[in-house]
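Start at 1 with the first residue, then count along the sequence.
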Amino acid sequence: MEQDQPATSVDGDSTAARSREPAFNLPRGLSFVLLFLIAIHAIRTYLLSEALDQEVILNFAFLPARYTIPLGEQGLVWLWTPVTYSFLHGSWEHLIFNIFWMVAFGAPVVRRIGIARLAIFWCLSAAAAVALHLVFHWGEMAVVIGASGVVSGFMGAAARFVFSPSGRISRQFAHLNRRLSLTETLANRSVLVFTGIWFLTNFLVGLGLFSMGGAGSVAWEAHIGGFLFGFLLFRLFDPRD
């Protein structure tokens with residue numbers, strides 16, 4: 001599901017180098033993030049007691065109700081949870097699902113922006129995702145965990161450059177494409193189909209479809225917040241301007 005204007009090839013050596021490129025080759029920064037997410041979930045699942053894991057959730061998951069309390073009357077947990085919630089997952093299935101989409105859409109974005117910009121993009125897209133969730137769920141006690149908002153940010157960012165003006169996708173070298181302007185992006189049929197299907201799927205999730213636990217089990221508004229962040233603000237992170 002990922003990733004044209006192919007990058008300009010200057011000679012035969014460049015073409016040969018591309019032909020030797022592994023079919024599955026994750027950028028180092030993304031590999032580190034995936035291992036980090038796996039390690040966190042493994043520690044929570046196999047090493048922590050239930051009581052300690054509840055402490056982790058209380059101190060690092062996002063909780064909308066926290067923001068109804070005057071910030072001066074509580075600790076600083078409200079400050080970091082809009083980011084740290086994205087490192088926690090509810091099950092191995094939840095984590096594997098996010099890893100799958102992160103590999104598909106995060107890889108071209110990370111190849112393009114590098115690990116330093118990745119850290120900033122991750123933090124801001126995670127915060128943007130739960131900011132929109134907070135608008136619709138102000139004061140609620142249900143916790144939010146998972147990297148889905150960031151994954152959606154990767155999807156929104158990738159939509160700005162993985163499709164060529166003709167709509168074709170280059171699997172390995174999409175990160176070298178020219179970033180489409182917002183006008184070009186909205187006029188690109190492949191981007192419109194992709195984003196249309198993505199938004200429709202999330203709205204159906206919001207109605208309780210495609211979700212075993214019903215609408216309340218998926219923070220679908222956070223998905224939209226993350227996607228809009230990546231789609232509209234990716235140019236701020238793009239070194240290929």
Side-chain angles (χ1 to χ4, degrees), residues 1-3 22 24-63 77-133 142-158 175 198 202 205 211-213 217-227 229-230 234 237:
M1 290 181 63
E2 64 153 287
Q3 326 134 257
F24 186 79
N25 182 27
L26 293 180
R28 184 178 304 173
L30 183 59
S31 298
F32 173 80
V33 168
L34 298 184
L35 290 174
F36 182 63
L37 295 178
I38 291 170
I40 287 176
H41 193 68
I43 291 171
R44 289 181 55 222
T45 302
Y46 302 117
L47 298 181
L48 297 187
S49 66
E50 184 175 349
L52 279 177
D53 190 52
Q54 287 301 313
E55 284 294 313
V56 170
I57 294 297
L58 179 64
N59 289 287
F60 295 99
F62 184 82
L63 184 63
V77 177
W78 63 269
L79 186 60
W80 59 70
T81 51
V83 174
T84 57
Y85 80 93
S86 64
F87 301 124
L88 307 175
H89 289 83
S91 65
W92 283 111
E93 292 80 7
H94 185 199
L95 175 58
I96 291 170
F97 182 83
N98 278 337
I99 286 176
F100 175 83
W101 292 113
M102 207 176 298
V103 168
F105 290 94
V109 174
V110 176
R111 287 192 184 102
R112 189 176 181 101
I113 68 177
I115 190 168
R117 288 185 177 91
L118 167 63
I120 300 172
F121 183 91
W122 184 290
C123 293
L124 294 182
S125 60
V130 288
L132 187 61
H133 178 81
V143 298
V144 178
I145 56 176
S148 300
V150 177
V151 172
S152 297
F154 284 142
M155 290 181 172
H175 63 289
W198 189 90
N202 276 276
V205 167
S211 173
M212 294 181 63
S217 67
V218 177
W220 62 276
E221 299 94 341
H223 298 176
I224 293 176
F227 187 94
F229 174 87
F234 175 67
F237 302 87

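In terms of modelled atom types and a separation under 3.5 Å, the side chain of His89 and the main chain of Ala147 share a donor-acceptor contact. In terms of modelled atom types and a separation under 3.5 Å, the side chain of Tyr85 and the main chain of Ala126 share a donor-acceptor contact.
Inter-residue side-chain proximity for Val143 and Leu88 is flagged as unmet; no heavy-atom pair is nearer than 4.5 Å. The shortest distance between side-chain heavy atoms of Val33 and Leu118 falls below 4.5 Å.
Smallest separation of non-hydrogen atoms from Pro82 and Phe62: CA-CD1, 4.0 Å. Contact record, Met155 with Trp198: SD-NE1, 3.1 Å, taken as the closest heavy-atom pair. Counting all heavy atoms, side chain and backbone alike, Gly146 lies closest to His94 at CA-CE1, 3.7 Å. Considering every non-hydrogen atom in both His223 and Ser148, the closest pair reads NE2-CB, 3.2 Å. The heavy-atom pair separating Leu132 from Gly225 by the smallest distance is CD2-N, 3.5 Å. Closest approach of Leu30 and Val103 over heavy atoms only: CD2-CA, 4.3 Å.
The OG1 atom of Thr81 sits 10.0 Å away from atom CZ of Phe60, with the distance rounded to the nearest 0.5 Å. The structure places CZ of Phe100 at 9.0 Å from CZ of Phe105, a figure rounded to the nearest 0.5 Å. If you take CZ on Phe154 and CD1 on Ile113, they are separated by 6.5 Å, rounding to the nearest 0.5 Å. Taking CG from Leu124 and CZ from Phe229, the interatomic distance works out to 4.5 Å, rounded to the nearest 0.5 Å. Taken from CZ in Arg111 to CG in Asn25, the straight-line distance is 6.0 Å, to the nearest 0.5 Å. The line from CD1 of Ile99 to CG of Leu26 is 10.5 Å long, rounded to the nearest 0.5 Å.
Residue pairs meeting the side-chain hydrogen bond (donor to acceptor under 3.5 Å, both in side chains) criterion with at least one partner in residues 119-132, sequence neighbours excluded, are Ser86-Trp122. Applying the side-chain hydrogen bond (donor to acceptor under 3.5 Å, both in side chains) test to residues at least two apart or on different chains, the pairs with a partner in residues 37-47 are His41-Thr45, Arg44-Asp53, Tyr46-Trp92.
Scanning for side chain to side chain contact (heavy atoms under 4.5 Å, CB included) contacts around Phe97 gives Trp101, with sequence neighbours left out.
Using bins of under 30°, 30° to 60° and over 60° for the plane-to-plane angle, the ring pair Phe234/Phe121 lands in the perpendicular bin.
Residues Phe36 and Phe87 bring their aromatic ring centres within 6.0 Å.
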For Leu37 and Asn98: C-alpha separation, side-chain torsions, deciding distance, then whether side-chain contact (heavy atoms from CB on, under 4.5 Å) applies. CA-CA 10 Å; Leu37 295 178; Asn98 278 337; over 6 Å; no
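With Val56 as reference, Leu48 is the one residue of Leu48, Thr84, Ile40 to meet the side-chain contact (heavy atoms from CB on, under 4.5 Å) rule.
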